[in-house]
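In what follows, every chain begins at residue 1, and chains take the letters A, B, ... in the order their sequences are listed. Just so it is clear, the model here is predicted, and its values are computed rather than measured.
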Number of protein chains: 2
Amino acid sequence: MFVESAINPGRAVPSPFAVQPDSLHALFSKLPAENLSAGKILFLEGDAATSVFEVLEGSLRIFRILGDGRRVITGFLNAGDILGLSFRSHYIYTAEAITPVTVRRLSRKVFEAEVANSAELRPVVFNQMSDEMAAAQDQMVLLSTKNAEERLCSFLLKELQRALKAGAVQPLVHLAMTRLDIADYLGLTIETVSRTMTKLSSKGVISTSGRHSVKVLKRGLLAQLAGDGDECEDGWRPAVAHGERLRH
Amino acid sequence: MFVESAINPGRAVPSPFAVQPDSLHALFSKLPAENLSAGKILFLEGDAATSVFEVLEGSLRIFRILGDGRRVITGFLNAGDILGLSFRSHYIYTAEAITPVTVRRLSRKVFEAEVANSAELRPVVFNQMSDEMAAAQDQMVLLSTKNAEERLCSFLLKELQRALKAGAVQPLVHLAMTRLDIADYLGLTIETVSRTMTKLSSKGVISTSGRHSVKVLKRGLLAQLAGDGDECEDGWRPAVAHGERLRH
DNA sequence: CGCCCCCTTGATGAGATTCAACTCCAGTGG
DNA sequence: CCACTGGAGTTGAATCTCATCAAGGGGGCG
């Protein structure tokens, strides 16, 4: 059950269900499902954060809009994900449906009361928040240091892992979002995303069919091109430049 | 006490003490202080996450090292900050002293037990984690969309706000970290940071004296150059492209 | 005082953005 | 059934910002 707790592996996995899959899920199970059609807003940045959501079906993008109209997508959500934990009084980003979406809504008050009353639930919520934090850190690493190809490969690799974890047998990724979404998520332009996709296709790493379907032909190479293949894996430690460990 | 909860303002503030300043602090108050000299490591990425820390004095950098040796600084910590909340079983980054540092160490087990037993403490811990998440999101926005000047101005502005909040009367910022630290934090090179500093000086926005002292001469212009001056402030809302709100 | 490291400044080049044209596809209505 | 239309994606050429490579200052500490 705690296989996800080894050195790094669970970090990039956005699913909240790596541990104790059911206890959070159960909170929502008796609530009515709500439907959003594609393009509809679930909540806006700046709104009072009154609800926590569970995504039952479909995909959403979460983003912030800057003063000059630029959009930064900070994440995508899919079936099984929980949305709305890491907020104080107001939502710090907008959540919008990419595809038709089904969610369950739990009032924040009830949610907090349930968490307060359940010693089982607390570590699950805590782990969920820690995973979100870890994913944000990964994204910061991607945005600070990776070039266009590395970013796109990282993205495709993560989507592939998600698909496989969700039960896919073929290395086939369905990208619900548009190229512009991917660009805004990776800190690139739509043209650069498109060009890089083309380059990966011509290298034989992937093959695209239609706008939303990508088959991964060379997973190893994809991982290598993603740039963090050997990052701190299996016991590797950064060289300590001029410091010793703190005795304690 | 809840002034920090208005639309956005508290978001970028890393201090955990915006609300209920003392309850977290109190947890650590009876513990012995530990000292680290500059350059010493408090903990390494990948270490078992056994402790939570309170910084009493000094500054630290938290970072990850990539396979090829590149370093990504994901944050800086100062007196009053809490370190080590957002972890699962292992630390996901390294924490290293920039200046001589004094910390108090609380075992994770004890910390979790205390939190479990105190209904007062839980929302404080929760808010602290939410603030960390918000700061991470801000950093993602900075790294995705801002150019070198905007990044540096954002950074200086944040440091200025921290200094003022800490009781500074003059608009004087002390940068404990090196240019390389700033570069690794902002996703730039040391040369670009240096050039941009020079440019801001010659524009009369700031004036530097020595390597670590920066006086902010034109705070308004600095905020404007930071690029998010009018981002969603006072009720501004992003135009909803093709969506309506979900009725609920 | 002198050395070393940190920082600054300059010249060049690579990679991504920008601007622009064109293709492809889905949906619509005649 | 097919032409029309508009959004999404692709491709090309020019531009620009920032990284890289290289050399020179300056401050702090022995």
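- Among the atoms of the strands shown, only primed sugar atoms or phosphate atoms (P, OP1, OP2) are found under 4.0 Å from some heavy atom of A:R179.
- Along DNA chain C, the stretch of nucleotides lying under 4.0 Å from any heavy atom of chain B spans, 5' to 3', C:dC6 to C:dA11.
- Look at CG on A:N147: it is 17 Å from P on D:dC18, rounded to the nearest Å.
- Smallest separation of non-hydrogen atoms from B:F53 and B:L42: CE2-CD1, 3.6 Å.
- With respect to the salt-bridge test (charged N to carboxylate O, under 4.0 angstrom), the residues A:D181 and A:R71 qualify.
- Between B:E34 and B:R105 there is a salt bridge, with a side-chain nitrogen of the basic residue lying less than 4.0 Å from a carboxylate oxygen of the acidic one.
- When the P atom of D:dA19 is taken as reference, atom CZ of B:R70 falls 12 Å away, rounded to whole Å.
- Whole-Å rounding puts the B:R211 CZ to D:dG26 P distance at 11 Å.
- When all heavy atoms of B:Q139 and B:K158 are compared, the closest pair comes out as OE1-NZ, 4.4 Å.
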Please lay out, stage by stage, how A:F76 and A:F63 fare under the test side chain to side chain contact (heavy atoms under 4.5 Å, CB included).
CA-CA 9 Å; A:F76 297 107; A:F63 60 87; over 6 Å; no
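- The nearest whole Å value for the distance from the CG atom in A:L175 to the C1' atom in D:dA8 is 14 Å.
- B:K146 and B:S154 share a donor-acceptor pair across their side chains, judged by distance under 3.5 Å alone.
- Of the possible donor and acceptor atoms, none in the side chain of B:T99 sits under 3.5 Å from a partner among the backbone N and O of B:A38.
- For the segment residues 184-198 of chain B, residues with any heavy atom less than 4.0 angstrom from an atom of DNA chain C are, sorted by number, B:E191, B:S194, B:R195, B:T198.
- With hydrogens and angles left out, the side-chain atoms of B:T189 and B:T192 include a donor and acceptor closer than 3.5 Å.
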